[in-house]
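Excluded from the calculations below are hydrogen atoms, water molecules and symmetry mates; all remaining heavy atoms, backbone and side chain alike, are included. Throughout, protein chains are lettered first and strands after them, A, B, ... in sequence-line order, and every chain is numbered starting at 1.
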Amino acid sequence: MNRNKIEETIFKILMINSTIIILIILLLILLTIILKGLPAMDWSMISQTPKGGYYLGKEGGILNAIIGSLYLAGGATILAFIISLPIVLYFKVYAKKNSKIVMFTRFSLDVLWGVPSIVYGAFGFTIMLYFGLKASLLGGIITVSLLILPIMTRAMDETIKMIPIELLEASYSLGANRIETAFKVVVRQALPGILTAILISFGRGIGDAASVMFTAGFTDNIPTSLLDPVATLPLAIFFQLNTPFPEVQERAYASAFILTVIILIISIVSRFLIKKYTKYIIK
Amino acid sequence: MNNRILKEKFVGKIMLILVIFSGVLILIMGIALYIKARPILAVKPFWELMFSLSWHPLRGEFGFLPFIMGTLWVTGIAVIIAIPFSILSAIYLSEYASKFVREWTKPLVDLLAGIPSVVYGIWGVLVIVPLIKNHIAPFFGTFSTGYSVLSAGIVLSIMVFPIIIHISLEVFNSVSNGMKEASLALGATKWQTVKYVVIRKAMPGVIAAIVLGLSRAFGETMAVLMVAGNVAKIPSSALDPGYPLPALIANNYGEMLSIPLYDSALMLASLVLLLVVLFFNIISRIVLIRVEKSTQ
Amino acid sequence: MELKTHISVQNLNVFYGNEQALKNISIDIPDKKITAIIGPSGCGKTTLLKSFNRLINTIDEVKVSGKVFVDGENIFEKKADVNRIRKKMGLLSQKPYPLPMSIFDNVAYGPRIHGMNDKKKLSAIVEKYLIEANLWDELKDRLHSPASKLSVGQQQRLCLARGLAVEPEIILGDEPTSALDPRSSKHIEERFLALKNDYTVIIVTHILRQAKRLADYVVFLYLGELIEHGPAKEIFENPQMEMTKEYIKGVIS
């Protein structure tokens with residue numbers, strides 16, 4: 001009897017410590033990025049594109065990568081949204097109950113979620129070769145949109161699933177057909193959940209490097225067309241860190257700080273939306 | 001009126017096409033990579049490529065064994081570190097923690113999942129690599145640059161914490177209260193109930209969670225690329241550098257089109273990654289669906 | 001009728017967050033009788049039942065005040081040993097919850113938890129209580145197959161055997177037949193009638209006829225308040241309160 005108590009105490013200590021260690025690591029990561037990144041920050045980092053010799057330690061900033069990442073992640077999010085919204089609406093409104101296609105697609109998307117981003121990069125590269133497309137904003141957008149498709153679709157699916165069937169029936173009984181019900185009732189009801197899904201996907205898209213290495217290229221300029229190559233923040237961080245010059249490496253820390261701030265903002269806003277949303281579905 | 005019906009049918013068809021597209025996307029990926037990998041498979045048999053040590057693209061020798069071993073080292077280290085920490089915290093959060101602790105910890109764990117891998121890489125370079133170079137290697141009386149499979153494994157383990165915790169939490173929560181109450185009502189303590197009932201019931205799901213974490217570690221690229229050292233030799237200890245498959249692909253995309261068969265070899269590497277990850281994912285997803293069904 | 005008190009509830013209040021689930025309940029539950037707690041759903045029947053073995057404390061944000069005496073000991077006292085108190089009571093819940101192990105291990109679970117490791121004695125215990133729950137003949141050849149493979153009716157009887165195996169004094173039933181088919185329900189009811197010679201039985205039920213068939217003593221709750229309690233005969237034939245009359249006639253349900 002007493003042995004059991006001792007065992008429980010030991011395990012409880014281990015469990016609490018594990019949780020605390022994980023939280024401390026999170027804190028340590030954020031702290032390292034802030035302490036290393038903030039001193040290396042200056043206004044030119046976010047207001048200028050790289051000037052000649054930037055990667056040797058000369059003047060300039062990473063505006064090209066910031067804008068490039070926003071373009072790329074933004075474009076990919078829009079494209080993924082255009083594909084995934086009809087998919088989840090089909091699941092809810094058109095598909096029959098226990099439809100084989102729906103079960104298979106959900107499963108397939110869950111599996112797709114686990115595919116490493118480097119594989120998406122290699123696949124995107126293959127497709128681009130096939131269509132004769134060079135590394136460009138468009139190539140990056142297509143690849144990243146495929147990468148975030150499973151995340152966005154399953155996240156929206158989970159919230160839309162929760163909408164009670166009675167609501168749809170009420171809409172049908174007023175004479176609305178399925179498209180009208182889908183876009184006017186389902187989308188409106190699930191709007192906060194849809195926004196959260198979009199934000200999460202955008203955050204994933206902006207942070208990913210391995211998938212855009214092959215497909216988006218890299219440039220010191222801000223792209224002016226979809227067919228221009230484009231710089232991205234994660235790759236800018238990677239390249240700056242790989243130079244042998246300490247002052248350029250410090251710029252990598254500053255860039256990592258910028259990327260982390262963007263991710264933090266996205267995650268706080270989406271958390272806020274989730275809170276609001278769960279309040280809303282309680283009844 | 002007729003127009004409305006036509007429109008409804010038409011939109012439904014478009015939706016169905018998109019559903020089918022996303023359903024078979026994974027097959028398309030596999031086929032595309034296979035087509036690209038075929039040239040090298042035509043020259044050398046698959047198993048010979050996988051078990052050959054010699055990697056000299058200019059001489060046309062593409063032996064993947066060093067990279068496969070590098071991947072196994074980093075994934076293995078990551079999983080060994082991640083399992084105790086994440087399972088213990090998941091049990092704590094689902095069975096012991098107060099509501100307050102739970103509600104504050106979960107979003108923080110999810111935040112850990114949202115940090116981009118390149119940031120993990122930087123952190124690894126700034127914290128873990130020096131730690132190993134200056135403290136851990138000297139402690140064992142050897143020298144290491146710090147860029148090693150151990151560094152990569154440690155960084156990866158942190159990256160898979162949130163995956164294992166998140167999914168195990170769902171699994172633990174799916175153990176019905178009635179079952180826990182049945183055990184408590186017999187006079188079992190909380191710990192006995194956790195040990196004999198909750199963990200036992202959740203075991204298949206927890207293993208699935210671990211496998212999903214493992215497959216994430218298996219394919220993770222950037223962070224590993226930044227801290228593993230990237231030397232194409234089989235590591236003989238955890239303090240040696242390694243060169244995992246994803247890092248190989250990411251590091252050489254620039255030159256691969258200028259050397260014959262190089263691109264095909266890298267696409268084969270991607271295909272291997274895809275197939276291994278698919279295998280792990282399909283199995284664990286099936287287990288998780290079973291777990292979900294058995295609790296309904 | 002002569003009644004000896006087994007459980008005595010004094011001024012029991014239970015809050016879930018800000019919602020009060022039980023309002024100032026005071027009753028005495030008689031020893032070695034079947035007591036039925038009746039009332040419409042959501043009136044606090046299950047809450048009252050779960051207060052008896054303190055399962056109520058496993059719920060988040062629950063507040064309890066008042067006293068519950070079992071054999072003269074206040075179980076809500078700080079230093080009360082919850083596990084020993086729970087061991088005194090077997091619980092049958094609305095749905096059977098077999099533990100994720102074999103039939104044998106389900107019955108042996110309780111005794112093992114409480115330190116019994118002798119294989120021979122455990123086998124004897126399993127046999128004894130499976131017989132008592134009227135399951136032995138059906139299951140004796142497959143004791144080591146998983147309990148989840150049994151029919152729902154068999155599972156509920158297995159849960160009864162599992163509860164009896166820790167040698168409780170009290171059996172708590174939370175609508176124990178609600179998930180069962182009529183034949184299995186009858187089985188369980190017969191068990192209860194047989195058990196009341198040795199145990200104090202308390203069941204929550206919303207089936208009035210079941211209460212009439214089984215109960216010696218009846219407690220009527222409505223919206224968290226104790227409306228009336230007394231020997232079954234008096235409550236069913238001559239209820240004092242208007243509310244009880246209406247409930248028994250089926251006006252409120």
Between A:Thr260 and B:Ile115, is any pair of side-chain heavy atoms under 4.5 Å apart?
no

At a heavy-atom separation under 4.5 Å, does B:Asp110 approach chain A through its side chain, its backbone, both, or neither?
side chain

Does the side chain of B:Leu33 come within less than 4.5 Å of A:Val119's, by heavy atoms?
yes

Is the shortest heavy-atom distance from the side chain of A:Pro234 to the side chain of B:Pro116 under 4.5 Å?
no

So that I can tick it off, tell me whether A:Glu180 and B:Arg4 are bridged by a salt bridge, with the cut-off set at under 4.0 angstrom between side-chain N and carboxylate O.
yes

Under 4.5 Å from any heavy atom of chain A, what part of B:Val277 do you find: side chain, backbone, both or neither?
side chain

Partner set under salt bridge (charged side-chain N to carboxylate O under 4.0 Å, His left out) for A:Glu250, not counting sequence neighbours:
none

What residue in B:Ile14, B:Val109, B:Leu225, B:Leu93 has the most heavy-atom pairs under 4.5 Å with chain A?
B:Leu225

Quick check for you: among B:Leu278, B:Leu212, B:Leu88, which has the greatest number of heavy-atom pairs under 4.5 Å with chain A?
B:Leu88

Looking at B:Val125, B:Thr105, B:Leu111, B:Leu126, which one has more heavy-atom pairs under 4.5 Å with chain A than the rest?
B:Leu126

Residue from B:Ala90, B:Ser89, B:Gly219 scoring the most non-hydrogen pairs under 4.5 Å with chain A is B:Ser89

Between A:Leu109 and B:Ser22, which heavy-atom pair has the shortest distance, and what is it?
CD2-CB, 4.1 Å

Exam field: side chain A:Ser108 to backbone B:Gly23, donor-acceptor pair closer than 3.5 Å:
yes

Please name the pair of heavy atoms, one in A:Gly114 and one in B:Asn281, separated by the smallest distance, quoted to 0.1 Å.
CA-OD1, 3.6 Å

I'd like to know which of B:Gly30, B:Ser215, B:Ala250 tops the heavy-atom pair count under 4.5 Å against chain A.
B:Ala250

Among A:Leu112, A:Leu27, A:Leu233, which residue has the highest count of heavy-atom pairs closer than 4.5 Å to chain B?
A:Leu112

Max heavy-atom pairs within cutoff under 4.5 Å with chain B, candidates A:Ser117, A:Ala210, A:Ala135, goes to A:Ala210

Can a donor-acceptor pair be found between the side chains of B:Glu8 and A:Tyr94 at a distance below 3.5 Å?
no

Please, which pairs that meet ring-ring contact (aromatic ring centres under 6.0 Å, His included) have at least one residue in residues 109-129 of chain A, sequence neighbours excluded?
A:Phe125-A:Phe214

Please determine, among B:Val194, B:Leu27, B:Ile165, B:Leu25, the option with the most heavy-atom pairs under 4.5 Å with chain A.
B:Leu25

